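Written below as structure tokens is the structure these notes are about.
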Amino acid sequence: MKLHVFGRQATEDKALKLFYASDVHGSGICWRKFVGAGRFYGADCLVMGGDLTGKAIVPIECDAFDHFSAEFLGEHHEGSGKEQLGSLLDAIRYNGLYPWVASREEIERHRTDGGARDALFEQVMLEETRSWMRLADERLAGSGIAIFVMAGNDDPWTVDAVIAQSSVVVSCDDRLVRVGEHEMISCSYSNPTPWKSPRELDEDALYRHLKDLAEQIEDPSSAIFNLHVPPYGSGLDMAIEVNPLDLSPVHKDGQPNVIPVGSRAVRQIIEEYQPLLSLHGHIHESRADARIGRTLAINAGSEYNSGRIHGVLVQLRRDRVLHQYVQG
Amino acid sequence: MVEEVSSPPTTTATPTGLFARNATGLVRQVSPFSAYVLNFIGGHPVQPLAFGLFFAFATWPGGNFFLGGLLAIPMVLAFSYSFGLLTSMMPRTGGDYTLNSRILHPTIGLIGSFCQCMANFMSAAFFGRLIVTLGLGPGLIGIGLVAHDQGLIDAGNTLASSKVWIFVFGTLLFLAAAGVLGGGWGWTLRLQNGLFFIVTGGLALCAIIALLTTQSQFITNFNNFAEYWTKSPDTYHQIINSAKQNGVPLGAGFSWGNTIPMIGVFATFSIFSWFTSFIGGEIRQARSIKTANIMALSGVTSLLAILLCAAIFLNTFGTDFFTAANAPNGMPGALNTAPTYFFLLSASLGSVPISILLVGLYLLFWPMLTYFVFLQPTRTMFAYAFDGILPKAVTNISRNHAPYVAVGVTFVMTELVFLWSLTNDSIFQVIIYATLIQLVSMGLVGLSALVVPWRRPKLYQAAATKIRVLGVPLVSIAGAVAILSAAFIWWLFFSYAGFGLADPTGLFIWLGGLIVAALALYFVARWVRARQGVDLRLTYAEIPPE
């Protein structure tokens with residue numbers, strides 16, 4: 001089987017320096033920082049672990065006289081003129097939300113028409129993702145810095161085609177690629193969540209899917225797993241239990257109940273193949289690392305709405321790995 | 001072929017005006033109520049009302065106690081909004097360390113957080129002494145006095161005067177505080193809130209008893225109680241007369257000059273309502289103004305609760321009597337215990353079971369307060385380790401997700417400072433050092449708040465808490481007032497001997513040592529990490545987005 005070879009070749013003397021981040025969720029500033037991380041940190045390659053698209057649109061009602069108003073982060077905002085509107089648009093984007101300027105009638109129509117709203121989401125998410133890919137093409141072409149991007153469980157399937165259209169970004173989901181001298185498999189699926197997000201598989205199906213991918217690896221001992229969802233019970237997957245019926249937190253003795261929510265399939269596949277490194281996202285609040293056998297598993301965490309990209313710098317040698325958390 | 005279990009994405013129009021789609025969400029653990037409780041603990045009225053507040057009457061006669069309390073409110077608000085608004089911009093673990101290191105400089109963050117850690121180790125050491133000298137000892141004496149049990153009185157005196165017993169019970173207190181943090185965050189919050197309800201309920205019970213007791217009833221009851229020990233039919237007025245003879249000024253007219261230190265007295269209890277800054281990433285709606293408002297609400301309500309309870313107790317006990325009793329050697333030798341509100345109420349009621357109940361409820365305050373000061377070093381050590389300043393092992397957690405290494409290090413450090421404090425004859429010198437050292441860290445956060453709109457303009461512009469007052473950023477106003485407040489309290493301690501700063505040289509030695517240690521840790525960590533191929537400076541650096 002012929003492998004796609006990207007990135008600089010690691011040598012005995014020089015480790016491969018990889019920057020990993022995940023779950024930027026529509027934050028344009030985090031994406032720009034991700035693209036700039038290669039030069040800034042001197043990384044050989046960039047890996048984005050999924051969940052590129054934002055979760056919400058902030059409708060901004062604008063009238064014919066350039067007066068606008070919007071509800072944003074619990075506050076009412078209003079003003080007039082391009083400068084004030086631009087300031088609000090920047091603040092919304094900074095927080096990982098999509099601004100949408102429209103008339104009162106248009107907003108009301110989208111509020112009541114689910115189909116129109118779905119189409120609007122599709123439109124803004126794909127437009128934003130296209131602009132992100134263009135930015136990567138402009139900034140990284142000829143730089144020698146490899147960039148690997150996959151979607152995550154929260155991303156619609158249509159995003160994959162947009163990623164694939166980029167001239168420099170390697171769409172790495174659901175395939176084996178080579179990162180320097182390391183093989184890497186990637187998977188955007190998660191185990192089932194209460195939110196019923198676009199890419200979910202039950203644990204058995206997820207295991208079979210991962211197994212098919214892992215079987216393609218020639219040398220698991222130096223391989224990288226880029227799996228969106230973290231392994232179950234690893235400390236990388238602690239989150240508050242949520243009632244699947246109404247998405248409210250489950251309480252025990254008056255306090256929210258924190259439980260492991262990672263994937264048992266992911267854990268099993270790591271235990272079986274023991275790659276050198278396993279990279280994860282998905283649970284933003286569970287930034288942590290753990291050893292599963294010889295494998296170093298890392299969840300870089302995410303605070304995409306703070307304008308700082310949470311990532312991890314990893315130095316990989318054939319059988320050794322060193323990591324450093326950064327908030328760029 | 002894969003078996004998908006989800007449906008295609010669907011969207012909703014939320015009541016808040018957003019259009020949202022199905023996507024995994026982050027649910028934060030700490031509720032606004034738990035955040036309120038945590039911030040309230042540092043200024044909980046039990047501490048100042050039981051000791052530490054009423055000495056001010058005799059020390060600064062004519063100082064208006066209530067005016068002093070009200071004038072401390074701007075300081076409470078300044079620190080609350082400095083920490084709160086910055087935390088809402090950067091809701092992460094680590095409090096002042098994270099804020100200062102990202103806004104000012106990593107070394108500033110380390111210096112400030114070293115001061116913060118040491119202040120909390122010292123505070124815990126202080127509490128380790130007080131739980132015996134102003135808790136168990138006087139508690140046993142008080143129960144013994146009410147029960148006419150000389151054995152309990154002797155036991156109380158032995159405890160309060162023995163460094164061995166102070167060490168033993170202080171260590172048990174630290175173990176209890178570590179235990180609160182040692183069962184995972186859910187366990188911690190349950191215990192925190194449970195202790196809060198019990199301790200606050202105990203105080204409320206005392207306030208109700210006092211409200212239902214007129215001053216004349218109290219005088220009669222107290223004299224009846226005391227006569228057994230003092231052989232005097234009017235011990236109440238004897239205490240007042242004796243204080244007058246000893247030069248304690250009672251009934252002095254209003255003095256503005258002596259009201260000023262009253263502000264400082266309240267400030268030392270009430271300006272610490274921002275501890276949720278250390279768990280910023282775990283608070284629900286952390287990015288909203290609620291984060292700062294909860295801090296402010298905790299600080300102001302705890303201060304007002306102190307004033308309200310003080311007014312009730314002073315009304316029942318009589319200001320002259322309470323001032324005289326709280327003056328040095330104010331209580332007669334036969335009633336050799338601290339004139340705490342719960343002792344006086346127990347004496348008034350003459351009920352042994354109520355005396356035991358009130359002492360017991362009061363004693364539970366100490367593990368709650370010690371847990372409060374243990375929280376900061378454990379969270380700061382986590383932040384250090386994530387930044388590579390400390391080894392990763394510091395972030396090790398147990399099966400129930402308790403940060404046992406960080407808690408263990410905090411326990412050991414507290415024990416060491418506790419041992420040092422036992423060599424210091426004046427226990428109050430320890431807490432004075434702690435207060436002044438902590439103010440350095442708080443002043444640095446004020447500086448971060450002052451400059452954040454210019455040092456981190458994008459962060460500020462995008463914040464939901466970007467509020468301006470007369471065109472000036474609220475966070476900068478809060479920061480400026482916080483710096484002035486920190487400087488003002490330092491000035492008070494150096495200007496008014498009544499605060500008891502006996503050894504300023506020792507304070508500066510501690511402070512200098514902390515600065516040197518912080519710088520040493522930073523540069524040693526940088527050197528060690530560089531040898532491993534890691535550039536520590538990258539941890540703090542922000543990637544230019546353009």
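All values derive from a computational prediction rather than experimental measurement. Chain identifiers are assigned alphabetically (A, B, ...) following the order of the sequence lines, protein sequences preceding nucleic acid strands; residue numbering begins at 1 within each chain.
Residues A:F40 and A:K33 have side chains not in contact (no heavy-atom distance under 4.5 Å, counting atoms from C-beta outward). A:M238 is listed as a side-chain neighbour of A:P260, based on a closest heavy-atom distance under 4.5 Å.
In this structure, chain B has heavy atoms under 4.5 Å from both the backbone and the side chain of A:H110. Neither the backbone nor the side chain of A:I92 has a heavy atom closer than 4.5 Å to any heavy atom of chain B. With a 4.5 angstrom heavy-atom cutoff, A:D204 does not touch chain B via any of its atoms. For B:F33, no part lies near chain A; criterion is any non-hydrogen pair under 4.5 Å. In this structure, no portion of A:R39 lies under 4.5 Å from any heavy atom of chain B. Only the side chain of A:N95 comes within less than 4.5 Å of a heavy atom of chain B; its backbone N, CA, C and O stay farther away. Contact annotation for A:W31: neither backbone nor side-chain heavy atoms come within less than 4.5 Å of a heavy atom of chain B. Residue contact with chain B, scored on non-hydrogen atoms closer than 4.5 Å, involves the side chain of A:D51 exclusively. Looking at B:R456, the atoms closer than 4.5 Å to chain A (heavy atoms on both sides) all sit in the side chain, from C-beta outward. Heavy-atom distances place no part of B:K290 under 4.5 Å from chain A, backbone and side chain included. When heavy atoms are compared at a cutoff of 4.5 Å, A:L206 does not approach chain B at all. With a 4.5 angstrom heavy-atom cutoff, A:H310 touches chain B only via side-chain atoms. Contacts of B:I397 with chain A are absent, with no heavy-atom separation under 4.5 Å from either backbone or side chain.
A cation-pi arrangement is absent between A:K55 and A:Y98 under the rule of less than 6.0 angstrom and at most 45 degrees off the ring axis.
For the residue pair B:D387 / B:Y97, a side-chain donor-acceptor distance below 3.5 Å is found, with atom types taken as modelled. Side-chain atoms of B:S448 and B:N100 form a donor-acceptor pair, as typed in the model, at a separation below 3.5 Å. Side-chain atoms of B:Q192 and B:S34 form no donor-acceptor pair, as typed in the model, at a separation below 3.5 Å.
For A:R320, the CZ atom counts as loosely surrounded, since its 6.0 Å shell holds 12 or fewer non-hydrogen atoms of other residues, nucleotides or ligands.
Comparing A:I283, A:D23, A:V326 by how many heavy-atom pairs each has under 4.5 Å with chain B, the most go to A:V326. Chain B forms more heavy-atom pairs under 4.5 Å with one residue of A:Q315, A:Q327, A:R308 than with any other, namely A:R308. Contact tally against chain B (heavy-atom pairs below 4.5 Å) for A:L135, A:T53, A:V58, A:V35: the top residue is A:T53.
Aromatic ring pairs are classed by plane angle as parallel below 30°, tilted from 30° to 60° and perpendicular above 60°; the pair A:Y325 and A:H323 is perpendicular. The aromatic rings of A:H282 and A:H228 lie perpendicular to each other, with more than 60° between the two planes, well past the 30° mark. Using cut-offs of 30° and 60° for the angle between ring planes, the A:H25 and A:H284 rings count as tilted.
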